[in-house]
Number of protein chains: 2
Amino acid sequence: MAAAVRTAAAPRSDNRLPLILDAAARFFSDKGFGYTSMRDIAGAAGMLPGSLYYHFASKEELLVAVYAEGVRRIKEAVMPALAQGGDPWARLESVCAAHLAALLVDSAYAQVVIRVRPDDVPEVAARLTALRDEYERTFAQAIADLPLPPRTDRRVLKLMLLGALNWSQTWYRSGRDSPQVLARRFVRLLRDPLEA
Amino acid sequence: MAAAVRTAAAPRSDNRLPLILDAAARFFSDKGFGYTSMRDIAGAAGMLPGSLYYHFASKEELLVAVYAEGVRRIKEAVMPALAQGGDPWARLESVCAAHLAALLVDSAYAQVVIRVRPDDVPEVAARLTALRDEYERTFAQAIADLPLPPRTDRRVLKLMLLGALNWSQTWYRSGRDSPQVLARRFVRLLRDPLEA
DNA sequence: CACTATACCAAACAACTGTTTGTTTTTGGA
DNA sequence: TCCAAAAACAAACAGTTGTTTGGTATAGTG
């Protein structure tokens, strides 16, 4: 009877699924989801378009997989910074630096998370938003720790800082200020009193 | 001989070009440029797809027209705020409020400017970027006036604030905080010393 | 070694895309 | 009233899109 329950599918070692995900992540982050065709992805993975549908039911499901991996990688990059002790402001700066590094240079997966608007893909928008929210709660911890004046709105502070970080994808060009430098300057603008 | 130079084309009063632009602005801001078809726009304007090509040589040229009008409207909304006298911080707050109101609620044209990434439309990317830069110089004036500590990097301050404002399109939902309230809170976070 | 699920190929499908071409209607100025 | 320009129609084009279907090789298990 136990054999009848042997439903589990043993994956094969020559599986090209990782190749598909890598290619999709690269294209989605370079050209955007809407401008990427299944043929682009299949070609880069060295296979035929139809073969992708063995692994994913639709283009949107493929996006969800890439997006989820992207969130995972951003968290993976940020968590160590979040765990470090000492000054909460220094910790926030490290978190921002890790966040920036992930979405500007390190990972095509992470870039997809910032670049693709959930609303653009209605079929899976709710799932993408849920994934993004999940990370934002992680980020919010770095703000929760800050010693701030009593009546400071930490929610708005989170939206402001995260917005500034994410929008950097629009204007950032490699070779100029590094993510670390940018993170430092951004946090300093919030920390230090601008009004002399 | 003078008649031979009568090249000027007298436009007709039943011209539906404004309808086309309005429809395009609405679709581009709702669904994005890539997800909007010429048939969508033509249908909303009450005409056939091919007829659009009497007014615009391509879909991209239509985008440029909408984008330019968007920049014009944002500037139109921000300029009065920029002209007001008194406290530079209050002026910055007004500028931010006007900027937010334009791109969050007032104008579909303005929303296109923030929503559409120039890089997504290579054929006209340079022109879109130039238009956006033109406005950003306007915005920068509100920052140039601020009385800041000597060694403050106003360029980074501009990038940070503008990023925070523009990204709000991602999370803003009408009915909650108004653009005015958001602008006030954002500016206050920069102005007031967060470190007690 | 046999056999089964895995992973892919090969080829097509219908729908949709931006655009072109030739023709027709309509408008405003002379 | 006449007429050239303006503005739109009607119909098609070639290419691309996501996806489906049926067949096939192959790797790992018993």
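Per chain, numbering begins at 1; letters A, B, ... match sequence-line order.
- B:Ser94 meets the side chain to side chain donor-acceptor pair (under 3.5 Å) test with B:Gln84; sequence neighbours excluded.
- If you take CG of A:Leu52 and C1' of C:dA7, they are 12 Å apart, rounded to a whole angstrom.
- Looking at A:Leu82, A:Leu161, A:Asp145 one by one, the single match for side chain to side chain contact (heavy atoms under 4.5 Å, CB included) with A:Leu92 turns out to be A:Leu161.
- Contacts of B:Arg26 classified as side chain to side chain donor-acceptor pair (under 3.5 Å), with partners at least two apart in sequence or in another chain: none.
- OP1 or OP2 of D:dA8 has at least one side-chain nitrogen or oxygen of B:Arg16 nearer than 4.0 Å.
- Nearest nucleotide to the side chain of A:Pro49, out of C:dA10, D:dC9, D:dT19: D:dT19.
- With sequence neighbours excluded, no residue forms a salt bridge (charged side-chain N to carboxylate O under 4.0 Å, His left out) with B:Arg132.
- Taking atom CG of B:Leu48 as the reference point, atom P of D:dC9 lies 4 Å away to the nearest angstrom.
- Summarising the geometry, the separation between CG on B:Leu62 and P on C:dT19 is reported as 10 Å, rounded to the nearest angstrom.
- In this model, the phosphate group of C:dC9 is approached by a side-chain N or O of A:Ser51 to a distance below 4.0 Å at OP1 or OP2.
- In this view, A:Arg16 satisfies the side chain to side chain donor-acceptor pair (under 3.5 Å) rule with no residue, not counting sequence neighbours.
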Provide a list of protein-nucleic acid N or O atom pairs under 3.5 angstrom, restricted to nucleotides 22-26 of chain C.
{"unit_1": "C:dT26", "atom_1": "O2", "unit_2": "B:Arg12", "atom_2": "NH1", "d": "2.9"}

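- Not a single side chain to side chain donor-acceptor pair (under 3.5 Å) links B:Glu123 to another residue, sequence neighbours left out.
- With sequence neighbours left out, the ring-ring contact (aromatic ring centres under 6.0 Å, His included) criterion links A:Phe56 to no other residue.
- One interatomic measurement links the two molecules: CZ of A:Phe27 to P of D:dT17, which rounds to 11 Å at whole-angstrom precision.
- The side-chain hydrogen bond (donor to acceptor under 3.5 Å, both in side chains) analysis of residues 101-111 of chain A, with sequence neighbours excluded, yields the pairs A:Asp22-A:Tyr109.
- For DNA chain D, the neighbouring residues in residues 53-61 of chain B, judged by any heavy atom under 4.0 Å, are B:Tyr54, B:His55.
- When the ring-ring contact (aromatic ring centres under 6.0 Å, His included) test is applied to B:Phe27, no partner is found at least two apart in sequence or on another chain.
- Rounded to an integer number of Å, the gap from A:Asn15 CG to D:dT26 P is 16 Å.
- Spacing between atom CG of B:Leu63 and atom C1' of C:dG18 amounts to 15 Å, rounded to whole angstrom units.
- Defined by atom type and a distance below 3.5 Å, a donor-acceptor pair is present between the side-chain atoms of B:Gln169 and A:Arg117.
- Every pair passing ring pair (Phe, Tyr, Trp, His ring centres under 6.0 Å) that includes a residue from residues 132-153 of chain A is listed here, sequence neighbours excluded: A:His99-A:Tyr135, A:His99-A:Phe139.
- Non-hydrogen atoms lying under 4.0 Å from DNA chain C are contributed by B:Ser37, B:Met38, B:Arg39, all within residues 37-47 of chain B.
- With rounding to whole Å, B:Leu19 atom CG is found 13 Å from D:dA7 atom C1'.
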